[in-house]
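Within every chain, numbering begins at 1; the chains are lettered A, B, ... in the order of the sequence lines, protein sequences first and strands thereafter.
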Amino acid sequence: MYKYIAKRLLLMIPTLIGAAILVFFLLRLIPGDVCELRLAGTGLYADPEQIKLCRENLGLNDHILVQFATFVIGFVTFDLGDSMWTGNPITHEIGLRFQLSLQIAFMATFVAVIISIPLGVISAVKQDTWIDYVVRSFSIFGIAIPSFWLGIMIILGLLIVTQAWTGVPWMPPIEYVSPFEDLGANMSQLIWPAVATGYRYSAVATRMTRSALLEVLREDYIRTARAKGLLEKIIINRHALKNSLLPVVTIIGIEFAFLMGGLVVTEQVFNLNGLGKLFVESVLQNDYNLTQALVMIVVAIFVFTNFIVDLFYAWLDPRIRYS
Amino acid sequence: MRKIYSKLALSLVVGGGLALGAVGTASTAHAVKTGGTLNFVVGSTITTSDLHRETTFGVVHPFRPFYSLLIKVNPENPSSPTDFICDLCEGSVPKGTDGFKNYTFTIRKGVKFHDGTPLTAHDIVATYNKIIFPPKDVPSARKSFFKMVDTITAPDDFTVVFKLKFPSGSFIPAVATPFNIIYSKKDLDTYGYEWHTKNINGTGAFKLAEIQPGSHVSGVKNPDYFVKGRPYLDGFKSIIAPKMAVRLNAIRGDRAAIEFRGFPPKARDDLVAALGDKITVQESDWNCVLLNTINHKKKPFDDARVRRALTLAMDRWAGSKYLSKIAIVKTVGGVVFPNHPLAATKAELVKLAGYSEDIKASQTEAMRLLKEAGVPNLKIDFLNRGVDQPYKVVGTWAIDQYKKIGVNAVQKVQPSSVFYDSLRKKHDFDVSADFNCQSVINPIADVTKFLGSSGNNYGQYEDQPLEDIYNKLAVAATEKEQRVLMREYETRAISDQAHLGVTLWWYKINAYRSYVKGWKIAPSHYLNQALDNIWLDQ
């Protein structure tokens, strides 16, 4: 088991190095310049000397290999530098958003898990009944409806319904309050995006749970358990469900990592100051330092989540543990 | 570019007397209520808090309330392009002596920075030295606005003298630019020139409470503000919300009371339909114009007949009528901000190519010109910026107009960074959407956009006769002379040579919660953002 963990940990290193090389050089292929955008982007006259000075101050006139070395050394020493757009330390910029993104990811995962596993199980157990059809339709809708659209509908629905009922339109807060400061305000903002994203997330997981469980339910050992006269409830819960969770855990892990940086549009719809919104802004602003740091952090999250998933595999499946 | 700013600096005051005539702040007629916090949304991300080096309104809206200016556009009459009043100076805005080469400002006494340091003339001098004569490695976005300034001195603690190299009508409007906030000399001397990128210490109506990057900036009332009884608010919070739908919903759901940049007409109508008299609307012409820049280095756009055909294709009057229902554009105008004394009247406009009310005749003439130039089936790649309002809306309209004269135009919409790369660096476009957006209305400076030698003109052309007209315009002493020369300049720039096509001027619509009182719309989203005159009727 320890060998398995060590092997998985070592595999993270080449993945991170490859990502660093790719992100650094691909970013510089995107046309545009942060200084041009900052100084000329508003249509006002921009003095070329000022643009040149801006580039010099940001190190953009240095040789590309010098820039790469600065980036790699910074990443290794956990000094991510300053944002080219705001001038703030990147750790500060990301730190502020990380809490929100992490909370959303946990809440959406919670919503997804409490919906998907029971529904997936019910759907599999009641295969080809009206219950199965309803659950499948529900999950197909979840996959088909983009989270951001659902988010827009939620906001508009809240505005319209609250105005109709109370005469005063209400919408979720548009600025983040830490749960440690005001849990009520925090929840009234984040519950809606968690539902919007959690629904899509649950739809994928529901279908995965259903199909995985159906496959397991056709296994010989399940037939044997039934032949022994075990209760169906015990067969499902103790013997089938655990063995069918392997692909479900994979999906949950991938989706969780995706939520940490991929809620690009949903964050904009709800005006959430999260990593996804920061990601988009940094790319649009040609803020190389920030984009590089964000990509590396998301890569690290993915790598780490996969590591955790691998550990879960080993826990769920003794064949992996003892191989 | 240096050349053009030297020319610019030679310009004389537009309607000088009017421009320099100070108007006292009108008293508010009805009972003002004090207290409360104004929440407003800002449709932009924030760069640094050092306004001297930044250009976006996204920093003016949250940070301007912490600071004061030497002079400002009159907040009670912000629609006037010529009404400036003192902010940190006393009395009226100086008119200039020694042949308009010396401007002496008397500085208010008893003004304190938020850290308690008293303001003196030396703070003004240090600030303007940073803006106009910064050290080599210190950025200053508007340094070139002050090419005419020779020295800035403080003969005593409450007098500042700007000595100009030559008289310039651009000087006073340049000083009133809202980015020229006053810093403390002590801060600049003690902490250096980078300190203000992350720290705030001004003399404005509000003190900094919190900056939460990507989320909001908040301020609390400055009890020592130099205007007695102001500000009325206890504080403000500017919430960053780049998406327009969020800003609109925020006002509807009362998460924010106002957005100072402007909404399109449909958004205004939706808000009014949903909330009725709980929404107040102010509208104004906007000192921004959308242009079509034509790349003269690409054939056949080096041919004036082709460029003229492209401007003739535009039915501006119908465009105004219909686009103003869906986009933040409305006013048909020439090179000067509409309604300014130097702007063309309708009778003057209709004489220009593409401004005739007989669009059929214009389109027929356009097709004839294209045929004569040997390109009856012209193909155009139209570069546009990936921003809905008003770029993509007007771009789509422009494509349709071109098609009506047989031009096969394809719109290529790019994100802002890629768009600027094409427009400013690669010059690989045929025709591109472009814009001229300014804060303080200053036509003689603003129209330099149409000169080939201007740093923000991307058409890649040289037109010496146009430069010559501008040189005369810049030194014309009277408004009458300036008007005549401006018409000559306008006719050559956008009609005879059709270097650029003026589409429509922007139209500013501010729909906001009716309990917000005291704020008056300005013809620019950069102006009237001190917030000291706003109160909440709640």
Side-chain angles (χ1 to χ4, degrees), chain A residues 30-51 53-54 56-57 83-88 92-93 96-97 100 152 155-156 158-160 162-163 168-176 265 268-274 277-278 280-281 283-286, chain B residues 1 41 45-48 53-57 136-145 194 197-198 212-216 237 239-243 245-246 249-250 252-256 274-275 288 414-422 424-426 434-439 448-449 454-456:
Chain A
I30 301 172
D33 183 324
V34 63
C35 292
E36 296 265 349
L37 265 183
R38 268 180 70 171
L39 297 171
T42 55
L44 297 175
Y45 166 75
D47 189 338
E49 278 182 21
Q50 293 297 318
I51 291 175
L53 177 61
C54 168
E56 272 172 21
N57 288 346
S83 160
M84 292 176 163
W85 191 255
T86 65
N88 290 327
H92 178 60
E93 293 277 355
L96 284 167
R97 277 95 171 174
L100 183 145
I152 293 169
I155 291 174
L156 287 177
L158 285 170
L159 283 167
I160 292 165
T162 51
Q163 188 171 11
V168 180
W170 183 91
M171 70 176 285
I174 55 169
E175 53 190 311
Y176 179 66
V265 188
Q268 300 202 37
V269 167
F270 289 95
N271 205 45
L272 300 176
N273 192 26
K277 189 165 153 239
L278 185 67
V280 174
E281 286 169 2
V283 171
L284 290 176
Q285 292 155 355
N286 286 78
Chain B
M1 184 194 52
V41 269
T45 55
I46 290 178
T47 47
T48 76
R53 68 179 71 197
E54 304 299 345
T55 60
T56 170
F57 74 95
K136 199 183 162 197
D137 59 342
V138 176
S140 173
R142 279 154 292 277
K143 179 182 164 183
S144 56
F145 284 24
E194 292 295 315
T197 59
K198 294 179 183 121
Q212 184 82 264
S215 174
H216 62 266
K237 184 178 275 186
I239 302 163
I240 299 162
K243 281 282 170 200
V246 172
N249 287 336
R252 188 168 169 184
D254 208 11
R255 293 289 173 190
L275 296 171
C288 285
Q414 300 285 9
S416 291
S417 60
V418 182
F419 169 80
Y420 280 113
D421 201 50
S422 279
R424 291 174 54 90
K425 280 186 177 171
K426 289 184 183 161
D434 192 359
F435 56 106
N436 195 18
C437 240
Q438 306 293 337
S439 55
T448 57
K449 171 78 178 170
S454 175
N456 59 344

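Note that OG1 of B:Thr55 is 7.0 Å distant from CZ of B:Arg142, once rounded to the nearest 0.5 Å.
Of the two parts of B:Ile239, only the side chain, counted from C-beta on, holds a non-hydrogen atom closer than 4.5 Å to a non-hydrogen atom of chain A. Neither the backbone nor the side chain of B:Ala245 comes within contact range of chain A; no heavy atoms are under 4.5 Å apart. Using a 4.5 Å cut-off between heavy atoms, A:Gln163 touches chain B through its side chain atoms alone. Using a 4.5 Å cut-off between heavy atoms, A:Val269 contacts chain B through its backbone alone, with no side-chain atom that close. With a 4.5 angstrom heavy-atom cutoff, B:Lys136 touches chain A only via backbone atoms. Heavy-atom distances place the side chain of B:Pro415, and not its backbone, under 4.5 Å from chain A.
Of the listed residues B:Thr47, B:Asp421, B:Val41, the one with more heavy-atom pairs under 4.5 angstrom with chain A than any other is B:Thr47. Put simply, of B:His216, B:Gln414, B:Lys425, B:Gln212, the one with the most heavy-atom pairs under 4.5 Å next to chain A is B:Lys425. In terms of heavy-atom pairs under 4.5 Å with chain A, the best-connected choice from B:Thr48, B:Asp434, B:Thr197, B:Asp254 is B:Thr48. Options A:Glu281, A:Glu56, A:Arg97 differ in how many heavy-atom pairs under 4.5 Å they form with chain B, and the most are formed by A:Arg97. Looking only at heavy-atom pairs under 4.5 Å with chain A, the residue among B:Lys237, B:Lys143, B:Arg53 that has the most is B:Lys237. Top candidate by heavy-atom pairs under 4.5 Å with chain B, chosen from A:Leu156, A:Asn57, A:Leu278, A:Asn273, is A:Asn273.
Note on A:Asp33 versus B:Arg424: no salt bridge recorded, every NZ/NE/NH1/NH2 to OD/OE distance being 4.0 Å or above.
For the pair A:Asn88 (side chain) and A:Glu93 (backbone), a donor-acceptor distance under 3.5 Å is absent. Put simply, the side chain of B:Ser422 never gets that close to the backbone of B:Phe419: no donor and acceptor are under 3.5 Å apart.
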